[in-house]
Amino acid sequence: MAALVTITLPDGSKKEAEAGISVVDFVKNHIGPGLAKAAVFARGNGQDVDLARTLDADASLQIFTSKNPEALEVTRHDAAHIVADAVQQLFPGTQVTIGPVIEEGFYYDFSREKDGKPAPFSPEELEAIEKRANEIIAKDVPFKRTEISSEDAVKLFEAKGEKFKVEIIHDIVARGAKTLTLYTHGDWVDFCLGPHGPSTAKVGVIKLLSASGAYWRADQTKAQLQRIYGISFFDKKGLDAWSKQREEAAKRDHRRLGRELDLFHFHPYSPGAAFWTPKGTSLYQTLSDWMRRLTREDGYVEIKTPLLFNKNLWMKSGHWDKYKENMFLVQDSDSGELDYSLKPMNCPSHHVYYGFGKHSYRELPLRLHTQDVLHRNEAAGALGGLTRVRQFAQDDAHIYCREDQIADEVFRFVKLLDRVYNAVGLKYEAKLSTRPEKRLGSDDLWDRAEAALKDTLEKMNVAYELKPGDGAFYGPKIDFVVSDSIGRKWQLGTMQLDYIAAERFDLTYVGDDNKEHRPVVLHRAIFGSFERFIAILIEHFAGIFPAWLSPTQAVIVTVADRQDEHAKKVVAALNAKGFRVEFDDRGMSMQKKIREAEIGKVPFILVIGDREVEGNAVAPRRHGGEDLKSMSVDAFAELLAKEAAIP
RNA sequence: GCCGGUGUAGCUCAGCUGGUAGAGCACCUGAUUUGUAAUCAGUAGGUCGCGGGUUCGAUUCCCGCCGCCGGCCCCA
């Protein structure tokens, strides 16, 4: 009689089975054939494994089916293999590199050349690949896992002429691996850790999304690769739902809404710099005023500094060395040399400002806030909408404080940021970047700085991702990241500690020991940039802004033009109270005006007919159609005041 | 900057294989004065992104440039 192993299931129940049984057979025999059929992969003792793996010792076991999001990730990895197979079937000689699962789908990077030059995949070729990939799915080819010695692996992939794979194997071997796992389906073989699903059919349906260029190991000096992005779903229903969701997301795209709601324009005369319409400017200004108030209340002072500086400042700050590529250089007409630059950041000028006076430890922390316009010469291919521009303004501030004040200041900042994001309902992720290998300052200093950031995040209950080694050489940082409507992530807020700025600019304060000390500089922003923040807000609200942000808070529509005189008085009265109300007196039907105001996403439409004229009233209708009863102008003003209150 | 796609009226788009362009909406004019998502009619609007080339002739084919879009890199 074979030895028995005890398998513990997630509900705590235990089953005995003969040792050496495969996971799938165990499930079929001891749980149920339905689950065995639906299973994609298993987690045994916390490790993800294939269904064909054997159970040789007591273990805990969890089965994942298409109902689990984890399974979708596994089949998307399967899908990447299938796409690579399809590519090599259709385009022999194409080399494979890597093909990871990403947040939305997967990609696979190929090296494909024609006449010694990189040969991108055309849209037609992509279609053919997608077709072939789905044919491979239909063939229901099983995935098979084998282990192989690293020497054999090198031989295998060298024989195939897969030099990128060989390079990866060498790296893995260098890290100490003796054996590699191979996964094959049909004739196609790749090595990877797995797990994979039982067969290609489990993948469901593959949709290829786009092709683009990438570089081997993300290095521009290395080989140019062809990346294919794709996504897979267990069935067509899932794909359709995703496509529909994508269409909905496209409707929220801030570039589209910017046009539809008449908020901003771009022109080739100044790529990456927006023209703001009156409505867009209102939005911008509302946010600016809000941030001014918040920072003032939080102990900041606002200053303005020059927009243009000569290169002496940039040499001192280090920008001339490290950031010149991204600066717009300006010619001094007398010397004829490009020795001025539009400022790309506020920090150097703030440091100069700090240096104007002598500072006592008693006046720290000094919090300098500035909303000046900045220019950065971003790569042409990087520009896009309002999220990546060349001209923008940050809600920037630099806090000069004593080292013992860092923790308080970081905490105070995250509290303010959290308040701002909550006020507009934005969900954010935090990323804590810690000391890089090359750095300035003692380990002791870094310990305390990182602890200050970490403690704050934990005290505030902010979930964060740790990015070890990702900090700047002059200090650790927290970045606050928000997603746009199509899932791209953008950094908005940031809190960055800086231990060298004070040194470079010879900034000091006089301590209670009557000696000079170096302050620590904290770079921080909440919106990040007004431009990017507005883009995110537009998408977040789908253009339907809360009344306090909405450029137009109410539109007045009269039933007939004999009420126009009264409407004008109402507009004047409401605007006199500080509201942003418009009277639509164009010669078109009331229905049409209401429709346009609805499409324009105005929070309130105020209808005025004879009844309203008589009672000095308005009949408000909310965006979306909710009809409020006719009410006095004063009553509406009160309602609007409540809803348009700035948080 | 790199790879790919793309660029026709203010907007959304149509325009087989080359023969100097159309629609809807918006704008403008006129009529209509209406109670909660499109009143009717008419007029007008484009050197087809820009510059070269091929051709008897280019929106259409080729080259270069610019912008935009999706990625890469980078970043607020």
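Chain naming here is simple, since letters A, B, ... match the order of the sequence lines and numbering starts at 1 in each.
Residues H523(A) and D498(A) have side chains that bring a donor and an acceptor to within less than 3.5 angstrom of each other.
Residue R621(A) has no polar side-chain atom (N or O) positioned under 4.0 Å from OP1 or OP2 of G35(B). Contact between the side-chain N/O atoms of R390(A) and the OP1/OP2 oxygens of A76(B) is not found at any separation under 4.0 Å. Put simply, Y229(A) has a side-chain N or O that comes within less than 4.0 Å of OP1 or OP2 on C72(B). Applying the 4.0 Å criterion to OP1 and OP2 of U36(B), one finds that R595(A) has every side-chain N and O outside that range.
Here the separation of G46(B) from A14(B), taken at their C1' atoms, is 15 Å to the nearest Å. With both ends at atom C1', the span from U8(B) to C13(B) equals 9 Å, rounded to whole Å. Annotation: C50(B) and U6(B) have their C1' atoms spaced 16 Å apart (nearest Å). On the C1' atoms, U20(B) is 10 Å away from U47(B), given to the nearest whole Å. Between G42(B) and G64(B), the distance separating the two P atoms is 48 Å to the nearest Å. When the P atom is compared between A23(B) and G18(B), the two are found 25 Å apart, to the nearest whole Å. Nucleotides A41(B) and G24(B), compared at atom P, are 11 Å apart to the nearest Å. The gap from the C1' atom of G51(B) to that of A9(B) amounts to 23 Å, rounded to the nearest Å.
Stacking between F392(A) and A76(B) is shown: the ring centroid lies under 5.5 Å from the centre of the six-membered base ring, and the planes differ by under 30°.
Nucleotide C28(B) has G42(B) as its partner under the Watson-Crick or G-U criteria, with both atom distances under 3.5 Å. Base pairing of G35(B) is not made with any nucleotide, judged by Watson-Crick or G-U wobble geometry with both donor-acceptor distances under 3.5 Å. Base pairing annotation: G4(B) forms a Watson-Crick or G-U wobble pair with C69(B), both donor-acceptor distances under 3.5 Å. C74(B) is unpaired under the criterion used here, namely a Watson-Crick or G-U wobble arrangement in which both key atom distances are under 3.5 Å. Pair assignment for G64(B) gives C50(B), based on Watson-Crick or G-U wobble hydrogen-bonding distances that are each under 3.5 Å.
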Exercise. Using the side-chain contact (heavy atoms from CB on, under 4.5 Å) rule, take F309(A) and V352(A) through it: C-alpha gap first, then chi angles, then the decisive distance, then the call.
Key: CA-CA 11 Å; F309(A) 286 96; V352(A) 171; 5.8 Å; no

Exercise. May I have the step-by-step check of ring pair (Phe, Tyr, Trp, His ring centres under 6.0 Å) for F121(A) and F91(A), ending in yes or no?
Key: CA-CA 10 Å; F121(A) 294 104; F91(A) 309 100; 5.7 Å; yes

Exercise. Assess whether side-chain contact (heavy atoms from CB on, under 4.5 Å) is satisfied between F541(A) and V424(A), documenting all intermediate values.
Key: CA-CA 9 Å; F541(A) 288 120; V424(A) 291; 4.2 Å; yes

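Interface remark: the R586(A) side chain does not form any donor-acceptor pair with the C27(B) base, using a distance-only criterion of under 3.5 Å. You'll find a donor-acceptor pair under 3.5 Å spanning the side chain of R388(A) and the base of C74(B), going by distance alone. Side-chain to base pairing of Q563(A) with G35(B): no donor and acceptor N or O lie closer than 3.5 Å to each other.
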